[in-house]
Amino acid sequence: VLKERDLSQPASWGFALAVGVMLVALHFFLLALVCNRYTVKPLLALLIVATAFASYFMQSFGVYLDPTMLRNVLLTDVAEARELFSWRLLPHLLLYAVLPLWLLWRVRLVTRPWASAAVVRLGCLVMAAVALVMALVLVFQAFSSLMRNNKDMRYLVTPGNYLWSLGAVVAAQTKGAAKPRQAIGLDAAPGPRMAARMAANIAANMAAQPSGAKPLLVVLVVGETARAANWGLNGYARQTTPELAQLPVINFPDVTACGTNTETSLPCMFAPVGRRDYDEARIRGSQSLLHVLARAGVAVHWRDNQSGCKGVCEGLPQDDVLTLNPSGLCNQGRCMDEGLLVDLEQRLASAKGSQLLTLHMLGNHGPAYFRRYPAAFARFAPACQHDDLQKCSREEINAAYDNALLYTDHVLAKLIGQLQAASERVDSVLLFVSDHGESLGENNLYLHGLPYAIAPDVQKRVPMVLWLSSGAPVGLGLDTACLKQRATQPAAHDHLFHTLLGLLDVKTALYEADWDIAKGCRAAATPP
């Protein structure tokens with residue numbers, strides 16, 4: 001409220017006082033509508049505790065409690081939540097929860113006859129409404145301008161912010177649960193290259209002489225919280241991608257994410273229309289790219305090492321690394337990302353037709369960046385060794401974050417090595433793109449999840465890398481020199497849906513050639 005105002009001017013403090021009166025009057029009015037002698041103390045106690053937790057995370061990480069953030073809270077898992085709690089929370093709760101609860105307990109409620117109580121309640125409601133209206137009238141022009149230019153500021157008003165957001169999330173979930181996801185891409189069918197691979201598969205199954213069309217495996221790696229600003233291939237001061245730098249990868253330095261958190265970005269990046277025409281209800285209520293590909297005959301599989309596919313892989317083949325429990329890679333409910341590569345060699349050995357394997361990384365999920373990589377990758381030091389980022393300097397936080405990127409680089413390079421080793425038998429493509437970025441203390445902001453309109457670029461700009469096996473350019477009719485040139489231009493999550501349709505040669509009316517990154521670099525789609 002006071003950010004753009006001159007604090008030496010009495011008018012600034014008068015404006016702040018008016019806004020304060022409005023907030024108090026509004027919250028009082030709403031509470032007075034629903035409270036009675038039996039519910040007032042339990043309800044206030046609940047709000048006091050919830051607000052104490054809310055204020056701690058808002059102050060610590062600079063988050064806004066909008067519906068998207070509340071959805072993240074409701075859908076988190078134990079391992080993720082555990083890392084957000086620290087001993088610093090205890091004194092905060094003592095001051096903002098325990099002390100107010102003690103004071104509330106000492107308040108003696110006055111019991112009045114029904115008629116008298118109704119008159120008092122009505123009088124208080126009228127007084128609150130009058131105070132609210134008068135304060136608003138006095139500063140209407142300045143206040144309306146403030147709200148018009150800072151619409152997301154309402155998600156800083158606590159407890160109103162999380163109550164409203166919680167209601168919005170519950171309403172949306174209830175509405176969505178009443179009907180199945182809308183099917184999309186009902187016309188999806190194999191193109192000529194995909195049809196040739198299917199024919200080769202049939203011939204192989206019949207023990208006949210197979211055609212020259214190799215199986216195709218596209219591996220889509222969805223990174224977690226990797227930001228473009230710290231990506232070595234983008235020219236970052238530290239080389240956080242040394243292994244990828246030695247490989248023939250195509251790096252996209254200017255890529256924009258659909259959202260600033262996984263709950264938003266993941267469904268969005270698998271939708272036909274992403275950020276450019278964003279419609280959350282439509283995206284969450286519809287099937288995804290994976291369903292369209294499966295409908296055309298692509299064998300899709302989702303492997304998760306984080307918090308699930310957010311509905312993207314609903315009803316399709318899927319597994320998770322924790323359940324697979326690869327030896328030496330899992331501890332305390334979390335697994336290292338190398339676990340995503342379990343049985344990849346067997347998958348390559350038995351590959352047939354066209355396949356899409358999606359790997360959802362744990363990546364750089366904060367705040368415990370130091371838990372995201374083995375000790376061998378602790379190359380940048382000193383690195384933050386705390387779940388509580390407030391205990392570390394920005395330099396230490398960046399070091400731990402960069403070490404986690406080093407490990408992501410290693411996992412991707414190891415994956416590429418396995419794909420290339422099978423290139424004589426299988427054409428393969430690797431596409432890596434992160435779901436969103438991260439704030440590492442800039443402007444006192446940490447983690448991610450700010451409303452998209454006001455989020456800093458570090459939360460919206462993400463790395464993206466493309467790699468093709470030695471035989472894939474011929475098998476897919478792609479010009480790698482052209483792809484390298486295309487990589488110098490801006491890209492976005494919005495391109496993912498249509499680019500994968502093109503790479504896998506699936507025909508559907510949903511396909512938009514202008515959003516296919518490889519479209520201008522692809523030869524005529526005649527079968528081998």
Side-chain angles (χ1 to χ4, degrees), residues 1 16-74 76 81 84-136 143 147 152-174:
V1 169
L17 177 62
V19 173
V21 169
M22 281 190 278
L23 292 177
V24 172
L26 176 61
H27 281 80
F28 178 89
F29 187 90
L30 296 174
L31 285 167
L33 284 177
V34 299
C35 287
N36 58 44
R37 68 182 70 172
Y38 306 107
T39 63
V40 62
K41 280 194 174 184
L43 180 58
L44 286 176
L46 179 63
L47 291 177
I48 285 169
V49 174
T51 301
F53 278 98
S55 62
Y56 171 78
F57 291 108
M58 291 170 68
Q59 293 168 18
S60 296
F61 303 116
V63 300
Y64 283 57
L65 295 184
D66 60 353
T68 299
M69 185 59 68
L70 259 291
R71 186 179 291 110
N72 291 333
V73 172
L74 293 174
T76 190
L84 292 171
F85 289 89
S86 68
W87 287 108
R88 200 165 59 87
L89 175 61
L90 186 58
H92 183 91
L93 292 179
L94 288 173
L95 179 61
Y96 291 99
V98 176
L99 178 59
L101 286 174
W102 178 75
L103 293 172
L104 176 65
W105 182 260
R106 292 180 60 85
V107 171
R108 184 175 62 88
L109 296 181
V110 176
T111 302
R112 295 187 176 91
W114 181 88
S116 175
V119 171
V120 171
R121 179 188 294 268
L122 180 61
C124 290
L125 286 169
V126 170
M127 289 174 61
V130 170
L132 174 62
V133 172
M134 288 183 63
L136 178 60
F143 182 73
M147 294 304 299
D152 292 303
M153 190 178 70
R154 64 189 184 276
Y155 295 120
L156 293 176
V157 179
T158 315
N161 52 0
Y162 67 76
L163 292 174
W164 169 269
S165 298
L166 180 62
V169 171
V170 171
Q173 293 291 100
T174 303

| For the residue pair Thr39 and Cys35, what are the closest heavy atoms and their distance? | OG1-CA, 3.5 Å
| request: Show your working on side-chain contact (heavy atoms from CB on, under 4.5 Å) between Leu31 and Leu43 and close with a plain yes or no. | output: CA-CA 9 Å; Leu31 285 167; Leu43 180 58; 4.0 Å; yes
| task | Mind jotting down which residue pairs meet the side chain to side chain donor-acceptor pair (under 3.5 Å) criterion with at least one end in residues 152-169? Sequence neighbours excluded, please. | result | Thr51-Tyr162, Thr158-Asn161
| request: Count the heavy atoms of every other residue, nucleotide or ligand shown that sit under 6.0 Å from CE of Met147, and state whether that count exceeds 12. | output: yes
| query | Would you say the side chain of Ser60 lies within less than 4.5 Å of the side chain of Arg88, judging by non-hydrogen atoms? | reply | yes
| said: side-chain contact (heavy atoms from CB on, under 4.5 Å), that's the test. Do Val119 and Arg112 meet it? Break it down for me. | reply: CA-CA 10 Å; Val119 171; Arg112 295 187 176 91; over 6 Å; no
| query | When you look at Val34 and Leu30, which way does the side-chain contact (heavy atoms from CB on, under 4.5 Å) test go after all the steps? | reply | CA-CA 7 Å; Val34 299; Leu30 296 174; over 6 Å; no
| query | How would you list, by chain and number, every residue that makes a side-chain contact (heavy atoms from CB on, under 4.5 Å) with Val157, sequence neighbours excluded? | reply | Leu23, His27
| query | Which heavy-atom pair separates Ala97 from Pro100 by the least distance, and what is that distance? | reply | O-CD, 3.3 Å
| note | In this structure, CZ of Phe57 is separated from CE of Met69 (nearest 0.5 Å) by 11.0 Å
| query | Going from CE on Met58 to CG on Leu65, what distance comes out if it is rounded to the nearest 0.5 angstrom? | reply | 5.0 Å
| query | Is any side-chain heavy atom of Val1 less than 4.5 Å from a side-chain heavy atom of Met153? | reply | yes
| query | Among Val40, Ile48, Leu99, which residue meets the side chain to side chain contact (heavy atoms under 4.5 Å, CB included) test with Leu104? | reply | Ile48
| query | Under 4.5 Å between any side-chain heavy atoms of Leu132 and Leu136, yes or no? | reply | no
| task | Give, for atom CZ of Phe28 and atom CG of Leu33, the distance between the pair rounded to the nearest 0.5 Å. | result | 10.0 Å
| query | Which distance, rounded to the nearest 0.5 Å, do you find between the OH of Tyr56 and the CG of Leu95? | reply | 14.0 Å
| Nearest atoms (heavy-atom pairs only) where Ala25 meets Ala128 | CB-O, 3.5 Å
| query | Atom CG in Leu101, atom CZ in Arg106: separation rounded to 0.5 Å? | reply | 14.0 Å
| query | Taking all non-hydrogen atoms of both residues, which atom of Ser55 and which atom of His92 are closest, and how far apart? | reply | OG-NE2, 2.9 Å
| message | Which residues pass the ring pair (Phe, Tyr, Trp, His ring centres under 6.0 Å) test with Phe29, not counting sequence neighbours? | response | none
